[in-house]
4 protein chains.
Amino acid sequence: MARVSSLLYERGANILHADQHVDHQLGLFFMRVEWELNGEADGSANLEPDQAHGRAGFDLDSFKASFTPLAAELRMRWKLSSSAQRPRMALFCSQYLHCMADLLHRWRTGELHCEIPVIVSNHRDVENLAAFYNVPFEYVPMTAATRAEGEARQLELLQRYKVELVVLARYMQILSPAFIDSYPAAIINVHHSFLPAFTGARPYHAAHERGVKLIGATSHYVTEVLDDGPIIEQDVARISHRDQVEDLVERGRDLERMVLSRAVRWHLDRRILCYGNKTVVFD
Amino acid sequence: MARVSSLLYERGANILHADQHVDHQLGLFFMRVEWELNGEADGSANLEPDQAHGRAGFDLDSFKASFTPLAAELRMRWKLSSSAQRPRMALFCSQYLHCMADLLHRWRTGELHCEIPVIVSNHRDVENLAAFYNVPFEYVPMTAATRAEGEARQLELLQRYKVELVVLARYMQILSPAFIDSYPAAIINVHHSFLPAFTGARPYHAAHERGVKLIGATSHYVTEVLDDGPIIEQDVARISHRDQVEDLVERGRDLERMVLSRAVRWHLDRRILCYGNKTVVFD
Amino acid sequence: MARVSSLLYERGANILHADQHVDHQLGLFFMRVEWELNGEADGSANLEPDQAHGRAGFDLDSFKASFTPLAAELRMRWKLSSSAQRPRMALFCSQYLHCMADLLHRWRTGELHCEIPVIVSNHRDVENLAAFYNVPFEYVPMTAATRAEGEARQLELLQRYKVELVVLARYMQILSPAFIDSYPAAIINVHHSFLPAFTGARPYHAAHERGVKLIGATSHYVTEVLDDGPIIEQDVARISHRDQVEDLVERGRDLERMVLSRAVRWHLDRRILCYGNKTVVFD
Amino acid sequence: MARVSSLLYERGANILHADQHVDHQLGLFFMRVEWELNGEADGSANLEPDQAHGRAGFDLDSFKASFTPLAAELRMRWKLSSSAQRPRMALFCSQYLHCMADLLHRWRTGELHCEIPVIVSNHRDVENLAAFYNVPFEYVPMTAATRAEGEARQLELLQRYKVELVVLARYMQILSPAFIDSYPAAIINVHHSFLPAFTGARPYHAAHERGVKLIGATSHYVTEVLDDGPIIEQDVARISHRDQVEDLVERGRDLERMVLSRAVRWHLDRRILCYGNKTVVFD
């Protein structure tokens, strides 16, 4: 912490926000620093550090050059990024559109700092919505039989649109290990239960069957083990004996929207750090 | 509903609160009615219907006589009780006393409408607390080897103290099927996780290991399958990557206190109805 | 309760859901009953009683005829409605569209059982959204000087479109007493604070200034006294010292969406009963 | 941040936890650092940094000597404390004992890192509880007429018992400006409403009268303006039209316990920083 903040100080960086975390069990030290250049900031920049970076025109490459030896000496694993660079996010969905509609509206209103170059679906239901937000829509049919070609087509699209993050907004198909490997810690899914409870299909039916008093939703990074990836965010809602499965499905939609949009937001703001099978979400 | 409320009307009962529930899947109709006798109520009675019953001196037996044939005709399963009769509740615990201290304080302040004739533990830690609240304490050591005698001793105590409800306030021993059978839907336990996630031992360690963002606690009736009985109440608290297992244990204590005390409260007020493996908790 | 349920029983009504409430202070008894006709129900009908009514073709007028004398005898104030009749709801907004987009999406997905004949705004920002959902849009400019004509025009539109409920989805203009009187308990507003805290303008600024640890939002019926009408729903979100006013505004948008959509949903399902300056929201 | 962490590094301090905050509006930088000495830490120490400090026997005075000039150069306002020093906390109460019982139990179980040299009350209800926890009890009657002598007596007691923090656990008397001035930012109160709503007396009655759907509680530092001091923590609970004032009082007790115990905990762990009329609560 001393060495990094000293270097930033020498380089005239003005720290806007810094957060550290120590994992005593694994003996790991985590640090996230957000800064702007002195004199470049103004009121709005202070309130929107993300833009500030861009305007400050901070020379990433030259900083990298002086930071690299320090990082090597301290045996850091590190990443340096400019908030002026907006990640390119692809949205996948099937026939349920509530998460999709929510993410697109948040993007339109400026809540999500990213580009959305493409929407991919194995159904045509989302086509109108995509058109309304002027996002290219790609229809990729997917059946057990055609999974291989389907995923090949999807990967080809992701490459063509230079996608850096894939968000599964209630996309009901299971991804192959090969697909997942091509986007490590860069595929975010929302599962409609409070994981690890009710993994797999029809979690609302399982929750109703078990008679729980709260239902939940979980956003997580996708790994090869179904519903087992690093958890990013979770939330719950109170239900009662009066609620039928249909009511849980409806109540759950609001939870799914919330936990997925928060996860996407945090990932885009580079606030999530994955290690082991967990996430650190910096303040 | 028509027939029951009509009978109550004829008998001069003044309905204070009524609640119904229909399970359309099973085709079951549930109803709970709370009443007092006309003219017997006053302001405080309205606010404390429980006492009102007692004061009203409603003749349960004579009402039972006229209600029985109606119930038979409508093929009801029913229960009639006077809130003047305070259930006799036994508290079991091991070495963690936070739930015990919470329940005893609530009882002392009048929140819990019951008698507490005895506190049973396989440790002596609770002895002072029991003495402070003037509740007889019975020490019953329990080891794998001595379980049989231990439970025999416990059952003998429950019988002697005329116990109707057993509350496991962080009692860390597993009960035998025989013991459980002797108190059907009358043993309440608190499990320190959001069931059905993290059943069994060390749920906080498991939650930390999995990297969940919320921890929970669950109060439920005890059945032969561990942590699988009808759920009465659940609640959760937000945690972060900063929280170690020790922090979860501490945060969790507040959840355990809340969900257990609510379950006990509702059971004592005869607001819980068990069916299948679920509970109906009437408003 | 006895007399009403008996009459329903005689008339062959099958009670799907009933809820009562007694206000002991005012000595008032409240009751809501939802039913279908025997033999008309099937599985899906049980799960969607609202549609069931319609299909059951229950003869409201004939039932009214037999219910009226009973109601008179018991001095009831009552309302009888068929869930087959979908209320006609007008949406008002200004330049913030998050609540509008949320309500329209919920309506499209079938969550809101109503017609939306018209969207009214003093800005043109909502025009595209209205077009996307095929809802007629009416632009009614509004300034201090032109309020009188503006409201006259709005009322004329509401009449033409046969509007029964007006929802102010972040509509930033104050309504005149005359306008409010023309829709008693039928104008729902969302205020972006936890009422009664921070009434009036810029509540998020006031909340930040005061240093609260939770922000809230409140949906309520509009009365002549600003932000003082019967509260329908409230919710809160945790904030910290890190959150600037801009962050509160953003966090608050989710609260506003939730509390307004719930209030609208409950009103459309005839679950809200207004009395004094309070609401009863039936289960 | 660079200079401070560098100095700590040179002095062989091992940072356990650090947190910063920037108030861009006021142009203030806040920092809290928690450390132990290298080589002194072990597993348990890592999990309980507070004890670690003590064991590490860090020389506060010598560190102070080298830190003072740096702090002066950077124009800091700073405080240095050892977690081995347990603050001396006095508890004040009147006749309601739920917060008192909760704090004493948490103290007994080790949740609260402090000494409790004395309990002061204008009633005798708490006397038994104080005796059970072996805390000296001082009865100080208080009436409008005798306030002056009463407070003089209280201050004399606080001095004799070397009290550093005063916690008002539902103490129903208003303190004089003189009393408050003698403990700046060191008197914590719990108010039974979601401030700034329902300040003053009988907030539950006011909440019931207004028909809110959530009730709250607030812990805050006491200042001369009633219920207006810096807010430390707030929480809320959902209520319904069924809840009478008595129900709110009962539900509220749990909220009061939670928000007061959290505030006390954070203050004792030196995690709260007061500025202006707000608090920074460090993670």
Side-chain angles (χ1 to χ4, degrees), chain A residues 19-25 28 30 193-199 203 206-221 227-246 259 262-263 266 271-283, chain B residues 19-25 28 30 193-199 203 206-221 227-246 259 262-263 266 271-283:
Chain A
D19 194 9
Q20 298 83 24
H21 171 56
V22 183
D23 185 317
H24 299 295
Q25 288 172 310
L28 290 174
F30 302 88
S193 87
F194 182 85
L195 290 176
F198 309 125
T199 56
H208 184 259
E209 179 64 24
R210 178 63 183 94
V212 293
K213 299 300 185 181
L214 299 169
I215 56 169
T218 305
S219 52
H220 63 92
Y221 286 111
D227 301 329
D228 186 55
I231 293 171
I232 303 171
E233 170 67 333
Q234 303 185 284
D235 214 337
V236 297
R238 191 161 288 279
I239 59 170
S240 86
H241 57 272
R242 302 190 187 286
D243 294 300
Q244 302 300 314
V245 171
E246 286 66 17
V259 299
R262 287 184 203 138
W266 296 336
R271 288 173 48 189
I272 309 177
L273 201 146
C274 259
Y275 76 106
N277 199 39
K278 297 185 184 183
T279 60
V280 168
V281 179
F282 287 109
D283 291 328
Chain B
D19 194 9
Q20 298 83 23
H21 172 58
V22 183
D23 185 318
H24 299 295
Q25 287 171 309
L28 291 173
F30 302 88
S193 86
F194 182 85
L195 290 177
F198 309 126
T199 56
H208 184 260
E209 179 63 25
R210 178 62 183 96
V212 293
K213 299 300 185 182
L214 299 169
I215 55 168
T218 305
S219 52
H220 63 92
Y221 287 112
D227 301 329
D228 186 55
I231 293 172
I232 303 171
E233 171 67 334
Q234 302 184 286
D235 214 338
V236 297
R238 190 160 289 279
I239 59 169
S240 85
H241 57 271
R242 303 191 188 285
D243 294 301
Q244 302 301 314
V245 171
E246 287 66 17
V259 298
R262 287 183 202 138
W266 296 336
R271 289 172 48 188
I272 309 176
L273 201 148
C274 260
Y275 77 106
N277 200 40
K278 296 185 185 183
T279 60
V280 169
V281 179
F282 287 109
D283 290 328

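Chain letters run A, B, ... following the sequence lines, proteins first, then strands; residues in each count from 1.
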- Message: A side-chain contact here means heavy atoms from C-beta on lying under 4.5 Å apart; do A:Val280 and B:Ser240 qualify?
- Response: no
I'd like to check A:Leu214 versus B:Val236 (side-chain heavy atoms, cut-off strictly below 4.5 Å). Are they in contact? yes
- request: Begin from the C-alpha positions of A:Thr218 and B:Lys213 and carry the test side-chain hydrogen bond (donor to acceptor under 3.5 Å, both in side chains) through to its verdict.
  value: CA-CA 9 Å; A:Thr218 305; B:Lys213 299 300 185 182; over 6 Å; no
Do you know which two heavy atoms are closest between [X] and [Y], and how far apart they sit?
| X | Y | answer |
| --- | --- | --- |
| B:Asn277 | A:Arg210 | ND2-NH1, 3.5 Å |
| A:Glu209 | B:Lys278 | O-CE, 3.5 Å |
| B:Ile231 | A:Gly211 | CB-O, 3.7 Å |

- Query: Is B:Arg242 paired with A:Asp283 through a side-chain N to carboxylate O contact shorter than 4.0 Å?
  - Reply: yes
One should read off an interatomic distance between A:Asp235 CG and B:Arg238 CZ, to the nearest 0.5 angstrom, of 5.0 Å
Output for pair (A:His241 NE2, B:Phe30 CZ), nearest 0.5 Å, gives 8.5 Å
Applying a strict 4.5 Å limit to non-hydrogen atoms, the region of B:Asp23 in contact with chain A is neither
How are the rings of B:Phe194 and A:Phe194 set to each other: parallel, tilted or perpendicular (split at 30° and 60°)? tilted
